[in-house]
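Reckoned from all heavy atoms, side chains included, excluding hydrogens, waters and symmetry mates. Within every chain, numbering begins at 1; the chains are lettered A, B, ... in the order of the sequence lines, protein sequences first and strands thereafter.
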Amino acid sequence: MKLELVKDGRNRYRLKRTGKMAVEGIVYANEYLLPLIRKDKSLQQLANAASLPGVVGHVCGMPDIHEGFGLPIGGVMATARDGVISAGAVGMDINCGVRLLATNVSAADLSIPFLRKILTRMEEYVPAGVGRRGKHDFITAGVFEEVVHTGIKSLITRGCGRPDDLEKTEEGGCLPGADLGAVSPQACKRGAVQLGTLGGGNHFIELQVVKQVYDQAAGQSFGLYPGQLTVMIHTGSRGFGHQICNDYSKTLLAAARKHAIEVPDRGLACAPVDSKEGRDYYAAMACAVNFAFANRQLITHDVRRALGDIFACAQDELGLALVYDVAHNIAKWEAHSGSKVLVHRKGATRALPPGHPENPSIYRQTGHPVLIPGSMGTASYVLTGTEKASEAFFSANHGAGRVLSRTAAMKEITREQFERSMSSVLYNSRNYRELLDEAPGAYKDIDHVVETLAAIGMTRKVARLEPLAVIKGKD
DNA sequence: ATGTGC
């Protein structure tokens, strides 16, 4: 199948309908990003998604798009009530997402040894790395079950958080419709012991400094100002979501066959939204979504404790207010152009415009914060959405996006390149090879990625954050 | 992303 990508305005391309595509694709890229996007199977994967039953509007590729399992990472696909739901279009790490905490501390006052002390204490409190288990004894099987059904509220009522954390989390930290009855015993077994752990790969806890505020009003509303120390947390649903995605990829493949749905790629295995298999996947996915919100909540609690310890003061003297928490691997029912559609975002962030009723009331005027983590040596951004993003179901990119696979990064990036790219950032590893697959050189240029949408008014830049010190999971 | 495994 020959794919045709036609430029249609600045930084915007239409992927024309061909073969079995029911809708067109839209891809956002500038001149630097477009050749990178053409290098892998992203466009073919978008075209595959466009052929699924009940897909509506456009399938969209964000500027950080790259090849994934089924739907590309950086992809958005919406389906109607009579359409399908796909686990591969949500991703392996269900509700992978980002949180930002704002301190009232000036970053310039912090010495390198002091930052190192904070890193060490955070590492003590938050287990990091593949397969690690959580340290909080109160997370019994009963609490786990409560958490997956009620999200972050159950942790906040147990003293692991503040009341205002609730309204500063997407969906209030709980996606409705979760049912642990739809989750395999194996997934429960993995999940119950992993709450409050960081994981590996691109997950991190990072100390940052607000380098620039572009939008004073939004910056003020979000509590951000130049020179301020912030903490960013990037993690997801760990082995729990991973197991659910694997389990349901098989279930949904069989279901597609049963319902006579032609699946263009097993990564896009799917079932009708309104079938037993479709409803079960949604109920299981919602469990993993709530687990991931709770995971970031518990890590937030541990980060607040760690900073309180090292600064030797009460936590709230340091501020440490939650700015916001966004999901970037999720499927949700949302109203778009007057009808409810199931928006699958995989490596894409919801970005509601100012005034949109789904914004939390404290951010109604500005639009909620959209958090975009860079790679570990590069800047992160805080953005807001705009009305112009409606064609993308109010979505923005989710990060920088890979440009080298993990294996390619291990082969191609030298020690000198790694050390140069990390020269101004503290990190928690003695051996650079442990972090090579996450080197800044393995990622696209975050400034290009963010600018691609900002330049055409699909997002507005609010603040740029630069890394000071980072904890990554190591094996 | 992930006990990196059908």
Residue set satisfying ring-ring contact (aromatic ring centres under 6.0 Å, His included) with A/Phe393, at least two apart, ordered chain then number -> A/His336
Using whole Å, what does the distance between atom [atom2] of nucleotide [N] and atom [atom1] of [X] come to?
{"X": "A/Arg266", "N": "B/dC6", "atom1": "CZ", "atom2": "C1'", "value": "9 Å"}
{"X": "A/Asp437", "N": "B/dT2", "atom1": "CG", "atom2": "P", "value": "12 Å"}
{"X": "A/Asp247", "N": "B/dT2", "atom1": "CG", "atom2": "P", "value": "16 Å"}
{"X": "A/Leu253", "N": "B/dC6", "atom1": "CG", "atom2": "P", "value": "16 Å"}
{"X": "A/Met92", "N": "B/dG5", "atom1": "CE", "atom2": "P", "value": "10 Å"}
{"X": "A/His203", "N": "B/dT4", "atom1": "NE2", "atom2": "C1'", "value": "14 Å"}
{"X": "A/Lys472", "N": "B/dT2", "atom1": "NZ", "atom2": "P", "value": "11 Å"}
{"X": "A/Arg133", "N": "B/dT2", "atom1": "CZ", "atom2": "P", "value": "16 Å"}

field: Side-chain donor-acceptor contact under 3.5 Å, A/Arg464 with A/Tyr381
entry: yes
Applying side chain to side chain donor-acceptor pair (under 3.5 Å) to A/Thr459 and not counting sequence neighbours gives none
The answer to which of A/Asp93 and A/Lys250 contacts DNA chain B further toward the 5' end, by nearest nucleotide, is A/Asp93
The residue, A/Asn246 or A/Cys96, whose nearest nucleotide of DNA chain B is more 5′ is A/Cys96
Discussion item. On the nucleotide B/dT4, are OP1 or OP2 found under 4.0 Å from the side-chain N or O atoms that A/Arg406 carries?
Written reply: no
For the residue pair A/Phe291 and A/Phe240, categorise the inter-ring angle as parallel (less than 30°), tilted (30 to 60°) or perpendicular (more than 60°).
tilted
Classify the nucleic acid contact of A/Gly91 as base, sugar-phosphate or nothing, counting any heavy atom under 4.0 Å across all strands shown.
nothing
